[in-house]
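Here's the structure, in structure tokens; my notes come after.
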Amino acid sequence: MKFPVSHIKKLFKIKTLKNKFLISYTLVIIAAITTVGYVSYSKASHSINEELKRNTAQIIIQISNSIDTFVSDLNRMALVINSDEELLDILKKDKPIESLEDIRDYQKVQRSIQNASGFVPNIAGFNIFASDGRTFSMGNRSVKLNYDFTKTLWYKQLQNKDSIFIGTHFQEHVIDAYSQEVISLAKVIKDRDTLNIIGYVLIDCDTRTLESIFGSRKGYDKSSIFLVGTQNELIYSSKYQVCSFEQIKDLVKEFENLNDVGFSKHKVNGIEMLFSFYTSDLTGWKVVDAIPLYVVNENINDITNFSIIITFISLIVTIIISSLLAISITRPLTRLSEKMKVIEQGNFNVSVGFESDDEVGQLGRNFDRMVGKINEMIKKVYEAEFAKKEAEINALQAQINPHFLYNTLAAIDSIAT
């Protein structure tokens with residue numbers, strides 16, 4: 001069934017001036033508020049996102065610098081070992097036959113370890129492995145009796161490198177009951193004269209050190225932070241996880257050659273996320289920060305909700321003010337219309353009595369003057385018409401009286417005869 005066009009026109013036809021004012025004012029204010037609200041929201045959203053990027057950039061650069069300091073301290077510890085002549089002499093000589101000499105060597109190495117281990121807090125293990133199989137450990141954290149370091153992955157990697165970092169792992173060389181989650185630095189110890197490898201140092205650091213560094217990020221419990229090595233291997237990740245490293249591994253490769261902080265938006269597990277990247281010049285490690293956009297949008301949503309509330313309140317106030325304004329304009333006009341209807345019925349003894357100085361007041365006063373002049377004209381016409389009738393009557397009477405006298409005398413004469 002088709003809806004007639006004439007019905008549509010009637011539906012949108014506004015008959016009363018009051019409603020025209022009210023709807024016009026409301027539409028204008030709504031348009032203004034909506035425009036201002038949209039522009040304000042857009043600017044606020046852009047500002048919040050830019051501020052977030054600036055803050056994130058500062059934070060991950062600060063985290064990267066803290067990690068650089070941490071790595072430098074670990075390297076300094078290993079360097080102290082490599083520069084200890086007494087310790088190098090112990091590693092170069094054959095394993096002592098006498099147990100007493102072996103004990104003295106062990107005590108000397110322990111003192112060297114103790115002197116070197118003061119650079120970094122939370123050291124969970126400091127071990128030196130001589131090429132002939134001797135092991136030296138920090139304090140009472142002894143290596144397992146059946147531990148063969150030559151079968152480990154880090155030992156194999158050190159055949160081609162002077163040092164490597166081992167990402168988050170549990171210590172293999174200590175008793176399981178004392179094993180901790182650590183990151184480790186493994187470094188070769190060389191003879192200064194021949195540059196031959198005479199031993200290896202393995203320094204284990206409790207992951208709490210990195211956790212405290214990562215924890216400096218505001219909103220840390222709402223984002224994931226990853227420390228990625230030069231081969232895109234995971235060195236460490238924050239305890240709180242909104243995504244896994246495997247899910248973003250390919251994404252990390254895209255930012256290998258960045259010299260500054262980079263940003264990228266991607267969906268992970270159906271969640272839109274903002275990724276921030278920074279590569280250290282010292283280590284070549286990347287700090288990757290992943291934060292869900294719904295966290296970013298929390299402040300924007302607060303602004304949106306606030307804008308909606310303000311818009312709603314403004315709309316109500318606008319409707320009230322528009323209604324009062326429309327009434328103040330249309331009420332005198334309605335009163336004037338009612339007086340005109342009275343005049344249509346023939347009663348000219350009316351007056352609107354407007355006292356305002358605006359256009360409506362002037363219209364009312366003009367109406368009163370017009371009605372007064374009409375009354376005066378009616379009175380003058382009435383009086384002129386009355387005078388005319390009176391003159392006609394008098395003229396008629398003047399004609400009737402002689403004629404009546406003549407008829408009377410004629411009647412008398414006929415009776416007398």
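The chain is numbered in sequence order, starting from 1. Just so it is clear, the model here is predicted, and its values are computed rather than measured.
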Subject >> Verdict with supporting geometry, His173 and Thr152, side-chain contact (heavy atoms from CB on, under 4.5 Å) >> reply: CA-CA 10 Å; His173 54 279; Thr152 62; over 6 Å; no
Subject >> Nearest-0.5 Å distance, CD of residue Gln157 to CD1 of residue Ile166 >> reply: 7.0 Å
**OP:** Please tell me if the side chains of Ile271 and Val268 come closer than 4.5 Å, counting only heavy atoms from C-beta onward.
**Re:** no
Original post:
What do you reckon, are the aromatic ring centroids of Tyr155 and Phe129 less than 6.0 Å apart?
Top reply: no
Original post:
Is there a donor-acceptor contact under 3.5 Å from the side chain of Ser66 to the main chain of Gln62?
Top reply: yes
Subject >> Residue Glu172 excluded, over 12 heavy atoms near CD under 6.0 Å >> reply: no
Original post:
salt bridge (Lys or Arg N to Asp or Glu O under 4.0 Å) with Arg54: which residues, sequence neighbours excluded?
Top reply: Glu51
Original post:
So Lys190 and Asp162, side-chain contact (heavy atoms from CB on, under 4.5 Å) or not? Walk me through it.
Top reply: CA-CA 9 Å; Lys190 293 184 177 181; Asp162 286 341; 3.2 Å; yes
Subject >> Ile183 CD1 to Thr209 OG1 distance, which is reported to the nearest 0.5 Å >> reply: 7.5 Å
Original post:
Atom CG in Asp73, atom CG in Asp68: separation rounded to 0.5 Å?
Top reply: 11.0 Å
Original post:
Can you tell me if Glu233 uses its side chain to pair, donor with acceptor, with the backbone of Gln231 under 3.5 Å?
Top reply: yes
Original post:
Can you find a pair of side-chain heavy atoms, one from Arg134 and one from Ile90, that are under 4.5 Å apart?
Top reply: yes
Original post:
Do Asn232 and Lys286 come within less than 4.5 Å of each other through their side chains, counting heavy atoms only?
Top reply: yes
Original post:
Under 4.5 Å between any side-chain heavy atoms of Leu282 and Val71, yes or no?
Top reply: no
Original post:
Can you list the steps and then say if Ser137 with Tyr106 is a side-chain contact (heavy atoms from CB on, under 4.5 Å)?
Top reply: CA-CA 9 Å; Ser137 301; Tyr106 193 89; 4.0 Å; yes
Original post:
Ile59 versus Asp289: any side-chain heavy-atom pair under 4.5 Å?
Top reply: no
Original post:
Do Asp206 and Ile123 pass the side-chain contact (heavy atoms from CB on, under 4.5 Å) test, and can you show the C-alpha distance, the side-chain angles, and the key distance before you say yes or no?
Top reply: CA-CA 6 Å; Asp206 195 322; Ile123 294 298; over 6 Å; no
Original post:
Roughly how far, to the nearest 0.5 Å, is CZ of Phe126 from CD1 of Ile113?
Top reply: 6.0 Å
**OP:** Enter the distance from Thr150:OG1 to Leu158:CG here, rounded to the nearest 0.5 Å.
**Re:** 12.5 Å
**OP:** Would you confirm whether Ser238, through its side chain, and Ile225, through its main-chain N or O, come within 3.5 Å as a donor-acceptor pair?
**Re:** yes
Original post:
Short question: side chain of Ser163, backbone of Ala186 - any donor-acceptor pair under 3.5 Å?
Top reply: no
Subject >> Gln180 and Asp204 side chains, donor-acceptor separation under 3.5 Å >> reply: no
Subject >> Flag side-chain contact, heavy atom, 4.5 Å: Tyr236 against Ile67 >> reply: no
Original post:
Are any non-hydrogen side-chain atoms of Phe149 and Asn127 less than 4.5 angstrom apart?
Top reply: no
Original post:
Quick check: are there more than 12 heavy atoms from other residues, nucleotides or ligands sitting under 6.0 Å from NZ of Lys161?
Top reply: no
Please tabulate, for the side chains in residues 78-86, all donor-acceptor contacts under 3.5 angstrom to protein atoms that are two or more places apart in sequence or on a different chain.
residue : atom : partner : partner atom : Å
Asn82   : ND2  : Ala78   : O            : 3.0
Ser83   : OG   : Leu79   : O            : 3.0
Ser83   : OG   : Val80   : O            : 3.1
Asp84   : OD1  : Glu86   : N            : 3.2
Asp84   : OD1  : Leu87   : N            : 3.2
Asp84   : OD2  : Ser112  : OG           : 2.6
Glu85   : OE2  : Arg192  : NH1          : 3.1

**OP:** Would you tell me whether Asn196 and Lys92 have side-chain atoms, one donor and one acceptor, within less than 3.5 Å of each other?
**Re:** no
Subject >> Sub-4.5 Å side-chain heavy-atom contact between Val228 and Phe277 >> reply: no
**OP:** Taking atom CE of Met377 as the centre, report whether more than 12 heavy atoms of other residues, nucleotides or ligands fall under 6.0 Å from it.
**Re:** no
Subject >> Which atom of Met273 lies closest to which atom of Ala290, heavy atoms considered >> reply: CE-CB, 3.8 Å
**OP:** Please check if atom CD in Gln114 has more than 12 non-hydrogen atoms from other residues, nucleotides or ligands closer than 6.0 Å.
**Re:** no
Subject >> Euclidean distance, Glu211 CD relative to Ser237 OG, rounded to 0.5 Å >> reply: 8.5 Å
